[in-house]
There are 2 protein chains.
Amino acid sequence: MKRNKQGCDLKSCFLCRLCSKEWLPAVDAHRQSFHVNKGELLFTEGTEVTGIYFIYKGTFKVHKKWTEDKELIVRLARSGAILGHRGLGNDVFYPVSATALEPGEVCFIDIGFFQSTLKVNPQFLYELMMFFAGELKESEKKMRNLAHMPVKGRIAQALLSIQSTFGTSPDGFLDINLSRQDLASYTGTTYETVFRLMNELVQEGSIALSGRNIYITDADKLLTYTVQ
Amino acid sequence: MKRNKQGCDLKSCFLCRLCSKEWLPAVDAHRQSFHVNKGELLFTEGTEVTGIYFIYKGTFKVHKKWTEDKELIVRLARSGAILGHRGLGNDVFYPVSATALEPGEVCFIDIGFFQSTLKVNPQFLYELMMFFAGELKESEKKMRNLAHMPVKGRIAQALLSIQSTFGTSPDGFLDINLSRQDLASYTGTTYETVFRLMNELVQEGSIALSGRNIYITDADKLLTYTVQ
DNA sequence: CGTAGAGTTGACTTTTGTCAAAATCCGTGG
DNA sequence: CCACGGATTTTGACAAAAGTCAACTCTACG
C-alpha cells in the first residue's frame, strides 16, 4: 500500500458528500490517500481498528474467514463506498477483511478523527445510521436466501445484483473482475458447484460466458430462480 | 393488541435510557403502551412502517418470510430491546415481522416523533448507530455460519447464544419458550433435522430435554461444534 | 518452455430435506 | 370424567442437493 498525494475530490465519497462545508477543510487536512494493488489487503479480520476507508477508485471485496481455504464474501464495494465501518462498535477489531479486486485509490480517516467528525456532523451521523440500517436489511435478506434459496437462485441473484451495482462494460459484460472462486464465496458455496450451475445457466440461455467475463442474456429468466 | 396505561418506567428501555433528561417528558407524552398476547403479531413484513417499539416485558421473535410455511428468525428479543428499527431507511415497509412468544408489554413511538427524537438527541442517535453496527456485525457472522457451519454446530451455537441472552430459570432450563419449529427457523433448517440432531446432542450428554425445555449439560462440548 | 494457477469433468459421499405414517400430548365440550 | 379433534412429536424410508476428491486440461506469464 503506497501513500500518495492524489485523493478524494471532496464530493464523490460517502464522507465528503455528507459532512458540513465547514468541516471539509479539517477532513482534507486529516485524510491520507493510498494506492492499493490488486489482491492487496486493505485491512485484516481480527486486527485492531485503525480507521475508516473511502474508496476513491477501484473495487473491493469484504470477506469473513471460515477455514484456511474458505470464506464468505459479505459485500462487494466500488468507488464512493465506505469500508471498515464494520469496525465501529464496542469491539475494537475488524470483523472482516477487505481486499482489492483491482488496483485502486482509497482515502483513510483515522478512527479518532472519524469520531470527532461524527460528533460535529449530526447530518453525517444520521446518514451513517441510515446506511447501517440499509446494510442490516440487506444482510438479513441475504441470510434468509442463504438459508432457504437453492444455490442456483443465489447465483442468479448475485449476478443480477452485481449487474445493478457494477453495471456492464461497453461490450455488455458485467463490469467486475471476479474469479469463480470469489463468486462461490459470495454465494456461500463451492467452486465446483458454481461452475456446474453456471453451465446450466448457459445451457438455458440465461447467461453467456467469455473466459472470466459474464454476460446476462436473459435477466427475466434469472429472476425466476430468485425471490421478489 | 390492547392499549393500556402501564408503560415504560423511563429507565429500562433502549430509548429512555439514552435520550436527554429534557426530552423525556416529550417521550412520555407521545408513547403508547400496549399489551400483546402470545402469538400476536406486533408488526408485519411488507406493511408500512408506523413506528418503533420498545419491549417493556416479554419475548419476541423477529422473522422474515420465505414461503407460506417457511421463515427465518433473524433475532430473538427480550425486555429493554428495540423492535421495528429495521423499518428505518429509505424503504417505508417493515422488512420483517415481530411476533410475541409470550404475553408482553410494549411501548410504541410513532415514526414522526422518533425522527424528531433523533434530531434533538445526538447521543441517542450515536448509540443507535453503534447498535446497528453491532447488529450488522452479528448478522454477518450468522450469515457466514449459515453458509459454512453444519446444522449441528448452528444448533449448538443457537442454544449457547440463547442461554447467554435469556439465561436459565431457577431449575436450570433455558428461560425461553421456543418451539422446535422456531428453533428450526432460527437455525435455518427443518423441524425434523432439529429433532434428530438435538437427540444426538442428548445422546452425547451435551444437553438434556424435558418436554419443550432445554438444559445445557455440557457447554464446552457444545462449543466444540461451533467456531470462535 | 515449464510451471503455477485457474478451469473442467466425473465419480462418489454426505448432509440435509421431503414425505408419510404412527404415537403422543392437550385442551374442550359433552 | 371421558371422548374427541387438532396439534405437536417421533420415526423411518427415500430423494435431492451440494460437497469432496481426484485427475486432467488449458493458459498466462515468467
Side-chain angles (χ1 to χ4, degrees), chain A residues 37-39 61 66-73 99 101-102 144-158 173 176-204 207-215 225-227, chain B residues 37-39 61 66-72 99 101 143-158 176-204 207-214 225-226:
Chain A
N37 295 318
K38 177 176 173 172
K61 65 171 176 178
W66 175 241
T67 54
E68 209 46 56
D69 53 353
K70 260 188 190 167
E71 61 178 16
L72 182 74
I73 295 178
T99 304
L101 294 177
E102 54 183 79
R144 184 207 53 186
N145 293 346
L146 214 37
H148 294 307
M149 190 187 281
V151 179
K152 198 164 176 179
R154 304 210 299 267
I155 294 175
Q157 183 102 298
F173 292 106
I176 188 176
N177 188 318
L178 201 65
S179 73
R180 296 289 154 86
Q181 180 55 62
D182 279 341
L183 190 52
S185 301
Y186 191 49
T187 49
T189 183
T190 58
Y191 184 90
E192 293 94 328
T193 298
V194 162
F195 177 80
R196 285 182 240 262
L197 294 176
M198 295 246 299
N199 270 349
E200 288 187 23
L201 291 175
V202 171
Q203 299 302 314
E204 297 162 8
I207 62 174
L209 301 175
S210 162
R212 172 174 290 192
N213 291 321
I214 303 171
Y215 187 100
Y225 292 113
T226 72
V227 158
Chain B
N37 295 319
K38 177 175 174 172
K61 65 171 176 177
W66 175 242
T67 53
E68 209 45 57
D69 53 353
K70 259 188 191 170
E71 62 178 15
L72 181 75
T99 303
L101 294 178
M143 216 171 122
R144 184 207 54 187
N145 292 347
L146 215 37
H148 293 307
M149 191 187 280
V151 179
K152 198 166 177 179
R154 303 209 300 266
I155 294 176
Q157 183 101 296
I176 189 176
N177 188 318
L178 201 64
S179 73
R180 295 291 154 85
Q181 181 54 63
D182 279 341
L183 190 53
S185 301
Y186 191 48
T187 49
T189 182
T190 59
Y191 183 92
E192 293 93 329
T193 298
V194 163
F195 177 80
R196 286 182 240 262
L197 294 176
M198 295 248 297
N199 270 350
E200 288 186 24
L201 291 175
V202 171
Q203 298 303 314
E204 297 162 8
I207 62 174
L209 300 176
S210 163
R212 171 174 292 194
N213 291 320
I214 303 171
Y225 291 114
T226 70

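Naming convention: chains lettered A, B, ... in sequence-line order (proteins, then strands); numbering from 1 in each chain. Side chains included, hydrogens not; waters and symmetry mates left out as well; all remaining heavy atoms used. Being a predicted model, the structure only gives us computed values, none of them experimental.
As a whole-Å value, the separation of F195(B) CZ from dA13(D) C1' is 16 Å. Residue H148(A) contributes atom NE2, which lies 14 Å from atom P of dA18(D) at whole-angstrom precision. Between D69(A) atom CG and dA6(C) atom C1' the separation is 16 Å, expressed in whole Å. N177(A) places its CG atom 12 Å from the P atom of dA6(C), with the value rounded to the nearest Å. What separates CG of N199(B) from C1' of dG12(D) is a distance of 14 Å, to the nearest Å. Rounded to whole angstrom, the span from the CD atom of E192(B) across to the P atom of dT16(C) amounts to 14 Å. The distance between atom CZ of R212(A) and atom P of dT8(C), rounded to the nearest whole Å, is 11 Å. The distance from atom NZ of K152(B) to atom P of dT16(C) is 10 Å, rounded to the nearest whole Å.
Taking the side chain of R180(B) as heavy atoms from C-beta on, and the options dT9(D), dG17(C), dT9(C), the nearest nucleotide is dT9(D). The side chain of K70(B) has dT18(C) as its nearest neighbour among dT9(C), dA18(D), dT18(C).
The side chain of Y191(B) places an N or O atom within less than 4.0 Å of a non-bridging phosphate oxygen (OP1 or OP2) of dT9(D). Between T193(A) and dA17(D) there is no side-chain polar atom (N or O) within less than 4.0 angstrom of OP1 or OP2. Contact between the side-chain N/O atoms of T190(B) and the OP1/OP2 oxygens of dT16(C) is not found at any separation under 4.0 Å.
Using the six-membered ring where Trp is involved, H148(B) and W66(A) have ring planes that are parallel, under 30° apart on the 30 and 60° scheme.
Here the CG atom belonging to N213(A) is positioned 8.0 Å from the CG atom belonging to N177(A), to the nearest 0.5 angstrom.
Here T189(B) lies in heavy-atom contact (under 4.0 Å) with sugar-phosphate atoms only.
Judged by distance alone with a 3.5 Å cut-off, no donor-acceptor contact links the side chain of R196(A) to the base of dG19(D).
S179(A) places a side-chain N or O within 3.5 Å of a backbone atom of D182(A) that can act as its donor or acceptor partner.
Considering only residues two or more places apart in sequence or on other chains, T193(B) meets the side-chain contact (heavy atoms from CB on, under 4.5 Å) condition with V151(B), T189(B), T190(B), L197(B).
Taking all atoms of both residues into account, the shortest heavy-atom contact from A147(A) to G188(B) is CB-CA, 4.1 Å.
Comparing A147(A) and L209(A) by the nucleotide of DNA chain C whose heavy atom lies nearest to each, the residue mapping closer to the 5' end is L209(A).
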